[in-house]
Asks: 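A single structure is presented below for examination.
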Protein chains: 2
Amino acid sequence: MLVTNIKDMVAPSSPSSRSLRTRAALVAAALDLFERQGYDATSAAQVAGAAGVTEMTFFRHFPTKEQVLLDDPYDPVLVAAVGARPRTDPPLARTVDGLRAAWQDIPDDAVAVVRRRTRLVARTPSLRGAVWRNNARTEDAVVDRLVADGTDPLVARAAVGATLAALTAALLHWADADDLAGGSDLADTVRRALSVLVPRLDRTGPTTCGGRGA
Amino acid sequence: MLVTNIKDMVAPSSPSSRSLRTRAALVAAALDLFERQGYDATSAAQVAGAAGVTEMTFFRHFPTKEQVLLDDPYDPVLVAAVGARPRTDPPLARTVDGLRAAWQDIPDDAVAVVRRRTRLVARTPSLRGAVWRNNARTEDAVVDRLVADGTDPLVARAAVGATLAALTAALLHWADADDLAGGSDLADTVRRALSVLVPRLDRTGPTTCGGRGA
DNA sequence: GTCTTTGATGTTAGTCACTAACATCAAAGT
DNA sequence: ACTTTGATGTTAGTGACTAACATCAAAGAC
């Protein structure tokens, strides 16, 4: 059992192209079936079958049926965006401004897939819990960053939890609306929801208060 | 099938004392077993058995295994507290002040049971989703109240979602701490978390900004 | 080109949350 | 006593997972 390559010691193995293809097929089949017949009415075995694979293989790629819908690796981006805000800002302002920056410009193709998934979540009550379990990961990551900069843990939890809640409200609201309406712009919806927590300064017109500084 | 009593027309039936006893036994057995051997390691059938009843009966009283832990009917209290705040206040301030008022003074016996349950949730990752599914009910109720008063639906969702997130952060933080420490006061923890969103005015010392008014 | 290794997949069998259909029991009213 | 009706039990089934073990297929060693 000799190790023939350093790479094998670093990680168990980088995912093979075969594995990646299977995973992609599962995600595609899941989105398709969920949209056509509903999330609850679709079994994991059925998704696996549509992807030309076994139920067992499905669960080797995704720990739960929900996770096939929610496997975005955006956390590092958010953590970086929040961390980039001045450490002198209060925690809530740092978090809100960080998320604001991160969601300012989203590539159009990303918007499309976010929309499909969020629509499914919005109209499937049993998936709400999954969203929050997913948010928990993100929350932990951002909280760790704030705490590392000296923020009180409770304050950090409250600030990040509240901000992610507002963001989630925006996403669900946006996904639930019809595309036809003119007001269904994702970035704008996110901005409106976040400004409930921290008003923006870079805006024409009067603001309620001086803003976020000490 | 004649109706012999007006009461029978109001509700299918008021829960009999027998039903109430069974329900209480299930809750007690669940809390006990969950604390002793963990939530995940305890099956619904086991809880039912400890309560002297069948698994089927368990699910007749609680739609899911989680709900045996989370059956508090506090929603109307919160809705009333938020509704009681002046309609001229911005939505976030109304919500935060409402929750603040509702959690200001909690009877000591209620604190004890909230603590037991919240501790379980805090140390059981698989229960996090349940908390949010529970919060969703409360969120809907409070949002409806705000929207009825003319608040924009997206703004209402963001405000209420964020506030409940901060409150939940406070509860989890408080339940996770050891009782020994002096700072483990529930009401104070809630106040600290909520003041991240809206600073209080009734406080000595300088505040960052004018507060919540227009 | 064989040989070998190793990760990806299949097979089987089992647990547990939950549901539906039907039978029974016990209390409460007549 | 008789009847009604809600609470409970019984049985059987589905679907989300998990564990143990067997197999297959691609990538490298020779």
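Computed from a prediction, not measured in an experiment: that's the story for all the values here. Each chain gets a letter, A, B and so on, in the order the sequences are listed, and its residues count up from 1.
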Asks: Within the pair B:Thr57 and D:dT8, is there a side-chain N or O less than 4.0 Å away from OP1 or OP2?
Replies: no
Asks: In whole Å, what is the span from the CZ atom of A:Phe58 to the P atom of C:dT11?
Replies: 18 Å
Asks: Tell me which pairs pass salt bridge (Lys or Arg N to Asp or Glu O under 4.0 Å) where either residue lies in residues 52-68 of chain A, with sequence neighbours left out.
Replies: A:Glu66-A:Arg133
Asks: Assess whether side-chain contact (heavy atoms from CB on, under 4.5 Å) is satisfied between B:Leu69 and B:Leu31, documenting all intermediate values.
Replies: CA-CA 7 Å; B:Leu69 268 183; B:Leu31 263 179; 3.9 Å; yes
Asks: Report the distance from atom CE of B:Met56 to atom P of D:dT14, rounded to the nearest whole Å.
Replies: 16 Å
Asks: Please identify each residue that fulfils salt bridge (Lys or Arg N to Asp or Glu O under 4.0 Å) with A:Glu35, with sequence neighbours left out.
Replies: A:Arg116
Asks: Heavy atoms within less than 4.0 Å of DNA chain D: which residues of residues 122-130 of chain B have one? Give them sorted by number.
Replies: none
Asks: Name the pairing partner of C:dC18, where a pair is Watson-Crick or G-U wobble with both distances under 3.5 Å, or state none.
Replies: D:dG13
Asks: For residues 160-173 of chain B, tabulate all N or O donor-acceptor pairs below 3.5 Å that involve a side-chain atom, not counting sequence neighbours.
Replies:
from, atom 1, to, atom 2, distance (Å)
B:Thr163, OG1, B:Ala159, O, 2.7
B:Thr168, OG1, B:Asn135, ND2, 2.9
B:Thr168, OG1, B:Leu164, O, 2.8

Asks: Which pairs pass ring-ring contact (aromatic ring centres under 6.0 Å, His included) with one or both residues in residues 143-166 of chain A, sequence neighbours excluded?
Replies: none
Asks: Run the side-chain donor-acceptor check on residues 141-148 of chain B: report pairs under 3.5 Å with partners two or more places apart or on a different chain.
Replies:
from, atom 1, to, atom 2, distance (Å)
B:Arg145, NH1, B:Asp149, OD1, 3.3
B:Arg145, NH1, B:Asp149, OD2, 2.9

Asks: With sequence neighbours excluded, tell me which residues meet salt bridge (Lys or Arg N to Asp or Glu O under 4.0 Å) with A:Arg191.
Replies: A:Asp188
Asks: Restricting to salt bridge (Lys or Arg N to Asp or Glu O under 4.0 Å), what partner residues turn up for B:Asp140, sequence neighbours left out?
Replies: B:Arg157
Asks: Grab the N/O contacts between the protein and nucleotides 24-28 of chain C below 3.5 Å, and write none if there aren't any.
Replies:
none

Asks: Apply salt bridge (Lys or Arg N to Asp or Glu O under 4.0 Å) to B:Arg23 and list each qualifying residue two or more places apart in sequence or on a separate chain.
Replies: B:Asp71
Asks: Quick check: are there more than 12 heavy atoms from other residues, nucleotides or ligands sitting under 6.0 Å from CZ of B:Arg137?
Replies: yes
Asks: Pull out every protein N or O sitting under 3.5 Å from an N or O of nucleotides 15-17 of chain C, one pair per line with the distance.
Replies:
from, atom 1, to, atom 2, distance (Å)
C:dA17, OP1, B:Lys65, NZ, 3.0
C:dA17, OP2, B:Ala44, N, 3.2

Asks: Please state how far atom CD in A:Gln46 lies from atom P in D:dG15, giving the value in whole angstrom units.
Replies: 9 Å
Asks: Who passes ring pair (Phe, Tyr, Trp, His ring centres under 6.0 Å) against A:Phe59, sequence neighbours left out?
Replies: none
Asks: Verify the contact: side-chain N or O of A:His61 to OP1 or OP2 of C:dT9, cut-off strictly under 4.0 Å; return yes or no.
Replies: yes
Asks: So, under a plain 3.5 Å distance rule, would you say the side chain of A:Arg60 forms a donor-acceptor pair with the base of C:dG7?
Replies: no
